[in-house]
*Asks:* 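One structure, pasted below without further comment.
Numbers here are sequence positions counted from 1.
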Amino acid sequence: MTTGRRSLPAQVQDLIRPCRDKDDLSPAVASTASSAPRRGTFKAQDRLTGLLLGCATGDALGMPVEGLDNEQTLRAIHRLGGIRDFLAPQPHVLRSLRRLRPGCWTDDTQLTLAIARSLILEETLDYDAVADAFVHAFETLELRGWDATTKQACRRLAQGTHRTRSGKLGGSANAVAARIAPVAAWSFLQGESRDVLLRHCVAVGLLTHHDPRAITGAYLVALLVRDALASSRRWDPSPERYDELIEEARWAEASMASTLGVSDDPMSQHLRELSDALDSDSAELAEFSGGATSYANHSIPYIIALLCGRSWDFEEGVVAAVNGGGDTDTNGAIVGAILGAATGARRLPRRFVDKVEEAEMIRDVGARFSALFAA
């Protein structure tokens, strides 16, 4: 694919310009950059493979009941007695998923792997290369549950539209958050600041979704991926983390206001409204979150409240996320990536990783991704 590289407004150029070296940052920003873990205590291959396998597992657990009507999704979950294993697609699911087998995953994992492969091939985060990877996936893969916004953006990219103009104005779904995990891992292991992380989320988000809600959601998920990679092989959030993430959402929204505009329905407000519900179960949280559907302000606050409300092991967390209903495959994929990064591939339940689609291929991608950070 050849992308038309027309000149861009100075504000947009500043917000999306590549910034991969802390030496390029001002002293104040550089001093707040995240520190990558020490090589001797951090097993990159195990954690990054866990991230990718966790994403695929959560995606595949949610795939059988993903549909456009949440009432049908919730009825299917109830009829099945809850989802605790890989199942065949139910009759109401999206047409593009109906031929899939138990353990198969959808667009969330397809595009997460596309970004990971781009990082591997380029040995850096190159936004044009990510755009090319999206187009390649769109043109060569079976389109499993791809939303119309992402498909239309990939068509525009293939036709030469610049990556900053290809995304849908007002595209406020959770799709950017669903595939941001490899970018978050790259940024964390590079020791980059939150400013640079947000810049990455903007650049990757604008490929398909030109909306501050979609990108704020991706940024918050990226912060949770960082938390997971910095953890001691378990997910155990601090009591203050939820309030901190509300402030991170407000900061991201303010940072993007001059370039992407201000939403009249900011994600930070939805997060604040869930502050007193963190001890609720996943079904209650989903109900409080507009059904945890694909709208970023319904899905991402649900996920953040679920994860910040308590410690989770991998199986318990992804099962809870999926059984809340809503956008089950994406919610499962995001929670799976975060908990998989915290847990590591070696500790993921064998009953899942032995049956998830193309597990060995995913392990290979994880190994090649982690090789970028070898001492």
Side-chain angles (χ1 to χ4, degrees), residues 58 62 70-71 73-74 77-78 82-83 172-174 177-178 180 194 198 211-228 230-231 234-257 262-328 330-339 342:
N70 194 32
E71 289 187 6
T73 296
L74 291 172
I77 292 171
H78 179 75
I83 299 172
S172 58
N174 56 4
I180 204 65
R194 69 173 184 168
L198 178 60
D211 190 277
R213 293 163 292 187
I215 295 171
T216 299
Y219 172 68
L220 296 176
V221 168
L223 291 177
L224 291 175
V225 171
R226 285 187 169 198
D227 290 351
S231 72
R234 63 192 298 263
W235 181 259
D236 189 17
S238 70
E240 301 81 22
R241 192 53 175 151
Y242 190 81
D243 290 335
E244 292 170 354
L245 289 171
I246 294 175
E247 293 308 308
E248 291 284 358
R250 293 178 63 186
W251 172 79
E253 289 161 353
S255 298
M256 295 185 291
V262 177
S263 171
D264 59 3
D265 187 27
M267 183 170 291
S268 56
Q269 178 61 38
H270 287 259
L271 289 167
R272 283 194 294 271
E273 291 170 355
L274 287 180
S275 294
D276 295 330
L278 301 189
D279 58 351
S280 303
D281 63 28
S282 63
E284 291 173 323
L285 275 177
E287 183 178 355
F288 298 150
S289 304
T293 61
S294 62
Y295 177 37
N297 280 349
H298 291 168
S299 173
I300 305 306
Y302 164 70
I303 288 167
I304 294 172
L306 185 74
L307 289 174
C308 289
R310 53 175 286 191
S311 60
W312 293 97
D313 66 25
F314 179 84
E315 180 172 352
E316 185 182 25
V318 293
V319 165
V322 167
N323 281 285
D327 193 2
T328 51
T330 299
N331 295 339
I334 294 172
V335 171
I338 293 166
L339 297 183

*Asks:* Quick one: does any side-chain atom of Ser311 pair with a main-chain N or O of Asp236 as donor and acceptor, under 3.5 Å?
*Replies:* no
*Asks:* Please answer whether the main-chain N or O of Asp265 pairs with a side-chain N or O of Asn297 as donor and acceptor at a distance below 3.5 Å.
*Replies:* yes
*Asks:* Testing the basics here: between Gly332 and Val318, what is the closest heavy-atom pair and its distance to 0.1 Å?
*Replies:* O-CG1, 4.3 Å
*Asks:* Grab the two heavy atoms, one from Gly291 and one from Asn70, that are nearest each other, plus how far apart they are.
*Replies:* O-ND2, 3.5 Å
*Asks:* Between Ile338 and Ala228, which heavy-atom pair has the shortest distance, and what is it?
*Replies:* O-CB, 3.1 Å
*Asks:* Identify every side-chain donor-acceptor pair in residues 213-225 under 3.5 Å, counting partners at least two apart or on other chains, and give the distances.
*Replies:*
| residue | atom | partner | partner atom | Å |
| --- | --- | --- | --- | --- |
| Arg213 | NE | Asp211 | OD1 | 2.8 |
| Arg213 | NH1 | Tyr295 | OH | 3.2 |
| Arg213 | NH2 | Asp211 | OD2 | 2.8 |
| Thr216 | OG1 | Pro212 | O | 2.7 |
| Tyr219 | OH | Glu248 | OE1 | 2.7 |

*Asks:* Name all residues meeting the ring pair (Phe, Tyr, Trp, His ring centres under 6.0 Å) criterion together with Tyr302; count only those two or more places apart in sequence or in a different chain, and write none if there are none.
*Replies:* none
*Asks:* Roughly how far, to the nearest 0.5 Å, is the CZ atom of Arg250 from the CG atom of Leu245?
*Replies:* 13.5 Å
*Asks:* Might you confirm whether atom CZ of Arg272 has over 12 heavy atoms from other residues, nucleotides or ligands at distances under 6.0 Å?
*Replies:* yes
*Asks:* Any salt bridge (Lys or Arg N to Asp or Glu O under 4.0 Å) pairs touching residues 288-317, not counting sequence neighbours?
*Replies:* Arg84-Glu315, Arg310-Glu316, Glu315-Arg351
*Asks:* Please name the pair of heavy atoms, one in Ala249 and one in Leu271, separated by the smallest distance, quoted to 0.1 Å.
*Replies:* CB-CD1, 3.9 Å
*Asks:* Would you give the length of the straight line joining atom NE2 of His78 to atom CG of Asn323, rounded to the nearest 0.5 angstrom?
*Replies:* 12.0 Å
*Asks:* Taking all non-hydrogen atoms of both residues into account, name the closest pair between Ile300 and Ala177 and its distance.
*Replies:* CD1-CB, 3.6 Å
*Asks:* Just grab all the side-chain hydrogen bond (donor to acceptor under 3.5 Å, both in side chains) pairs involving residues 280-294, residues at least two apart or on different chains.
*Replies:* Thr293-His298
*Asks:* If I compare all heavy atoms of Asn331 with all of Ala292, which pair ends up nearest, and what's the gap?
*Replies:* ND2-O, 3.1 Å
*Asks:* Under 3.5 Å, is there a donor-acceptor pair between the side chain of Trp312 and the main chain of Leu306?
*Replies:* yes
*Asks:* Taking only residues two or more places apart in sequence or in another chain, which ones pass side chain to side chain donor-acceptor pair (under 3.5 Å) with Tyr242?
*Replies:* none
*Asks:* Would you call Met256 and Leu198 a side-chain contact if the rule is heavy atoms closer than 4.5 Å?
*Replies:* yes
*Asks:* Roughly how far, to the nearest 0.5 Å, is CG of Asn174 from CD1 of Ile303?
*Replies:* 7.0 Å
*Asks:* Could you work out, with side chain to side chain donor-acceptor pair (under 3.5 Å) as the rule, every residue matching Glu71, not counting sequence neighbours?
*Replies:* none
*Asks:* Just jot down the side chain to side chain donor-acceptor pair (under 3.5 Å) partners of Ser268, sequence neighbours excluded, or say none.
*Replies:* Glu253
*Asks:* Residues in side chain to side chain donor-acceptor pair (under 3.5 Å) with Arg241, at least two apart?
*Replies:* Asp227, Glu244
